[in-house]
Amino acid sequence: MGKQETNVVDVRTPRVSIAIPQGEKGDNGQAGAAKEKPLKMRTQGVNVFYGDNQALSEIDLDIRENEVTALIGPSGCGKSTYLRCLNRMNDTIEGCQVEGTVTLDGENIYDRTVDVVHLRARIGMVFQKPNPFPKSIYDNVAYGPRIHGLVSSQDALNEIVMTSLTKAGLLDEVRNRLHEPGTGLSGGQQQRLCIARAIAVNPEVILMDEPCSALDPIATARIEELIDELRKNYTIIIVTHNMQQAARVSQRTAFFHLGVLVEFGDTERVFTSPRDERTQGYITGRFG
Amino acid sequence: MTVSHMSTSKLTAASLHRRHAVEKRFRAYGVVAIVTALVFLIILLSSMLSKGYSAFFQAQIRLPVFFSQDVIDPKRTNSSEIIARANYQILVRNALKARFPDVKKRREVKKLTMLISRGARRHLRAMVAHEPSLIGTTQEVWLLASGDADMFLKGAIPRDIPEKSRRINDRQIAWLNALEEDGASRRRFNVNFFTAGDSREAEQAGIWGAIVGSALTLIVTLILSFPVSVTAAVYLEELSTKNWWTDFLEVNINNMAAVPSIIYGLFGLAIFLNVMHLPRSAPVVGGIVLALMTFPTIIIATRASLKAVPPSIREAARGLGASPAQVVLHHVLPLAMPGIFTGTIIGMSRALGESAPLLMIGMVAFIVDIPQGLFDPASVLPVQIYLWADSPERAFVEKTAAATLVLMVFLVVMNATAVVLRRKFEKRW
C-alpha cells in the first residue's frame with residue numbers, strides 16, 4: 001500500500017506533466033463520435049459482491065478496439081475488481097458474485113456456454129507483481145501456446161516465443177539465456193516476460209493490473225512504451241495508481257470511486273476538464 | 001510533543017538492558033532444549049551400540065569332523081536323498097567325543113554337544129551335498145557355537161556368577177577354555193544375522209526375514225497411501241469450495257492423525273481378516289493398515305506445502321487460460337513436491353517403526369521363512385525387536401539391540417533421503 005501512496009504523491013508535484021502528453025494525443029484516439037473505433041467489450045449494470053459487501057455497483061463501460069483504457073481511482077475503489085470481472089478471474093474468489101453483463105464482441109462472457117479457459121485465451125492478463133513461473137524464460141513464454149495447442153511443431157513454437165519476446169522488447173536482453181530461469185531476471189524484465197507470456201497466446205484483449213507498481217521509473221518507462229506499441233494489435237485495459245501514467249499511455253480513462261464509475265471519457269478530456277467534482281479532486285491530488 | 005526526544009531515548013535505553021536479557025534467556029532456552037534432546041539421543045544410541053555390537057560377531061568352534069560312511073550312507077547307495085536324510089548330529093557328537101575322549105557319561109556328552117549350535121548339522125549336510133567325495137574323510141570344520149557358548153566366548157557370562165544361575169556349567173567352561181587354548185575358537189562377522197530369518201536358537205536368528213517383511217509392507221503402504229493422500233489433499237486444497245462438508249473432512253483427517261495406532265490394527269483385524277478374509281500375518285494386510293495410518297500424515301503435509309505455493313503462480317497460470325487441472329499439475333504440484341516428499345517419507349518412517357497395529361493382524365507370529373511375496377506370512381523389524389526383547393536368553397538381548405540399530409539405520413537413511421530430496425527439488429522464486 002505504501003508504494004501506491006507514493007505514486008499519488010508523485011503526481012501532486014509535477015502537475016504540469018499531466019498536460020505534456022496532451023499534444024501528442026491530439027491526433028490519435030481523441031476522436032469525436034465520427035472516428036470512434038469499434039466496440040470490443042461492453043459492461044452493463046455490473047454489480048460485484050464479496051459476501052455481503054458490494055464492491056462495484058452498476059458499472060456501464062465500453063472498451064474500444066486498439067485503444068488503451070485506463071482505470072484510475074483511490075485504493076479500494078473497485079478498479080481491480082472490475083478488471084478481474086473482464087476475464088472472470090473473480091470466479092475463483094470465494095463468496096464473490098458478479099451480476100450484470102460483460103460482452104466480448106457482443107457475446108456475454110458470463111453466459112453458461114462460455115468456457116473460461118477459452119475466454120482467458122482471448123483475454124490475457126498481466127499482474128501487479130511480476131509472476132513468472134519458476135521455469136526457463138523459453139518455457140514461460142511457450143506455456144500458453146503449449147496448453148492451448150496453438151502450435152504443431154517445435155519450429156512454430158520457437159517462432160512464437162521469439163516474436164512474443166520481440167514484441168515485449170525483451171529478446172535482445174535474453175537472447176543468450178532463453179533456457180535460464182525466468183525468475184533470475186530483474187523486476188522490469190520479469191514484467192516484460194509476463195507480457196511476452198500473455199501475448200504469446202495472441203489474445204485480443206490484455207488486462208494489466210498495475211503492471212508498473214513494483215518497478216522503478218526506468219523499467220516503468222519501458223513498459224509504458226511497450227503498452228503504446230502493443231495498442232496497434234491489442235485492446236488494452238490498464239489499472240493504475242499513477243495518474244501521469246494513465247495520462248501518458250491511455251486514450252480513455254475511467255475514474256472509479258467507492259465502487260462507482262464516476263466519470264469515463266477521453267483521457268485528455270478527463271484530465272483537463274473533469275465533469276465531476278470527485279474526479280477533479282482526485283486528479284488534482286486533493287484526496288486519494 | 002509532550003514527550004521530548006531526550007526522555008524517549010532514555011526510556012529506550014533503560015528498556016534495552018531488559019530486552020537484551022530476555023534475548024539471551026530466549027537463546028539459552030533453545031540451547032538447553034537441543035542439548036537435552038541430544039543427550040538422550042546419545043544415551044539411547046550408545047546403550048544400543050554397546051549392547052548390540054557384539055551381535056554382529058559370532059563365535060565359531062573348529063572340530064575335526066569324520067564324515068563317516070556308516071552314518072551318512074551305510075548302504076552305499078550314493079543316493080542324494082539318503083545323504084540328505086542322514087543324521088549329521090551324530091557326526092558333531094562323534095567329533096566332540098573324539099576331541100574330549102574322557103567324556104563318557106551320557107549327560108556329560110549331552111552337555112558337551114550343547115556347545116555347538118544345532119544348526120551345525122545343516123552346515124555339515126550342505127557340505128556333503130555339495131561335495132560327496134568328503135564321505136570317508138576327516139575335515140577340520142568351523143562350526144557355529146551355540147548361543148550360550150557364544151555368549152561365554154564373547155565374555156558376556158561372568159564367571160563369578162554361581163554355577164546354578166549360569167546357563168553354562170563349570171565343565172562346559174573348562175571345555176571351551178581348552179578349545180580356546182587350542183586356537184579352535186574364533187569370532188567372525190555374523191553374516192547369518194543379515195541373511196537368516198528368525199529362529200528359536202539365538203545364534204541362528206537373523207533379521208533378513210523382518211527386513212524383507214518390512215520392505216514388502218512399506219511398498220504396499222507407499223503404493224496405497226501416496227497417490228490417495230496426495231489426490232485427497234489436492235482436492236481439498238485446490239479444487240473444492242470451502243463449506244461445512246470440507247470443514248467436517250478436515251476435522252476428521254486431523255482426528256485420524258491422532259487415533260492411536262493400535263486402533264488401526266483392530267480395524268484391520270475386524271475388516272480385512274474377519275470380513276474380507278485376507279491372509280493373516282501377510283505384508284499386504286500390514287501395508288493396508290499402515291497406509292490408513294499414514295493417510296493423515298501425508299494429507300496434512302501435502303496441504304501445508306500446497307498452501308506454501310504462492311497464489312501468484314496460480315493466478316499467472318489461470319490468467320493464461322490454464323484449466324484447474326493444468327494449474328495444479330503443471331505448476332502447483334511440482335512446486336509443492338519437495339514438501340510432499342518430506343511428508344511422505346516422514347509418514348513412511350513412522351510406518352516403518354510401527355508395531356502395535358501389526359500385532360493385531362498377526363504379524364507377531366514366529367516366522368522362520370523369508371517371505372517371498374505379499375501374501376506370505378511375515379514379520380517386520382519393530383515386531384521382530386519386540387519378539388526378541390521378549391525372549392529370555394542372554395543371546396537375544398544383543399540381538400534385540402542389534403536389530404534396533406539396524407532399524408535406526410533405516411530410519412536415518414529415510415530421513416536423510418527426505419532432506420536430500422527436499423534440497424534437490426526445491427525451487428526459489
Side-chain angles (χ1 to χ4, degrees), chain A residues 83-84 86-96 115-136 139-150 181-185 190-191 193-203 206-209 214, chain B residues 233-251 302-342 420-429:
Chain A
L83 190 77
R84 296 167 65 94
L86 300 180
N87 67 344
R88 293 183 53 177
M89 282 298 269
N90 285 336
D91 285 14
T92 51
I93 296 173
E94 287 193 21
C96 178
D115 187 340
V116 194
V117 166
H118 184 225
L119 175 73
R120 291 188 192 141
R122 295 176 66 191
I123 305 180
M125 188 156 191
V126 176
F127 296 85
Q128 180 170 4
K129 205 176 138 246
N131 55 357
F133 300 129
K135 298 173 188 267
S136 73
D139 286 339
N140 261 285
V141 183
Y143 183 69
R146 272 183 188 144
I147 59 167
H148 292 298
L150 300 183
T183 40
L185 298 172
Q190 285 191 11
Q191 196 59 297
L193 176 61
C194 292
I195 293 174
R197 183 175 67 185
I199 60 186
V201 186
N202 199 22
I206 301 175
L207 310 177
M208 297 185 171
D209 191 356
Chain B
V234 165
Y235 176 77
L236 287 174
E237 200 57 46
E238 302 288 326
L239 306 176
S240 71
T241 41
K242 307 272 171 290
N243 51 29
W244 68 269
W245 171 240
T246 50
D247 287 345
F248 175 75
L249 284 180
E250 171 137 28
V251 169
T302 304
R303 290 187 72 178
S305 46
L306 289 174
K307 271 201 188 93
V309 173
S312 66
I313 297 291
R314 292 183 185 84
E315 291 220 306
R318 235 182 262 135
L320 277 174
S323 65
Q326 286 171 328
V327 173
V328 170
L329 293 176
H330 296 169
H331 301 284
V332 180
L333 215 44
L335 289 173
M337 262 314 158
I340 297 176
F341 284 150
T342 314
V420 170
L421 281 178
R422 172 160 217 122
R423 293 258 167 82
K424 193 168 145 68
F425 288 104
E426 206 160 47
K427 278 189 178 154
R428 303 189 185 284
W429 55 82

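Keep in mind that what you see is a predicted model, and the values were worked out from it rather than measured. Below, chain A is the first sequence line, B the second, and so on; all start at residue 1.
Residues B/Ile313 and A/Pro132 come closest through the heavy atom pair CD1-O, 3.8 Å. Of all heavy-atom pairs between B/Leu320 and A/Gly144, the closest is CD1-N, 4.4 Å.
The side chain to side chain donor-acceptor pair (under 3.5 Å) check on A/Asn131 picks up A/Arg197, with sequence neighbours excluded.
Taken to the nearest 0.5 Å, the OG atom of B/Ser323 stands 14.5 Å off from the NE2 atom of A/His118. Rounding to the nearest 0.5 Å places CZ of B/Arg318 at 11.0 Å from CE of A/Met125. Atoms CD and OH, from B/Gln326 and A/Tyr143 in turn, are 5.0 Å apart once rounded to the nearest 0.5 Å.
In summary, the aromatic rings of B/His330 and A/Phe133 are positioned with their centroids too far apart to meet the 6.0 Å limit.
Within the 4.5 angstrom heavy-atom criterion, atoms from both the backbone and the side chain of A/Val117 approach chain B. Only the backbone of A/Ile123 comes within contact range of chain B, with heavy atoms under 4.5 Å apart.
For residues 117-126 of chain A, the set of pairs meeting the salt bridge (charged side-chain N to carboxylate O under 4.0 Å, His left out) definition, not counting sequence neighbours, comprises A/Asp105-A/Arg122, A/Glu107-A/Arg122, A/Arg122-A/Glu204.
Counting heavy atoms from C-beta on, the side chains of A/Arg84 and B/Glu315 come closer than 4.5 Å.
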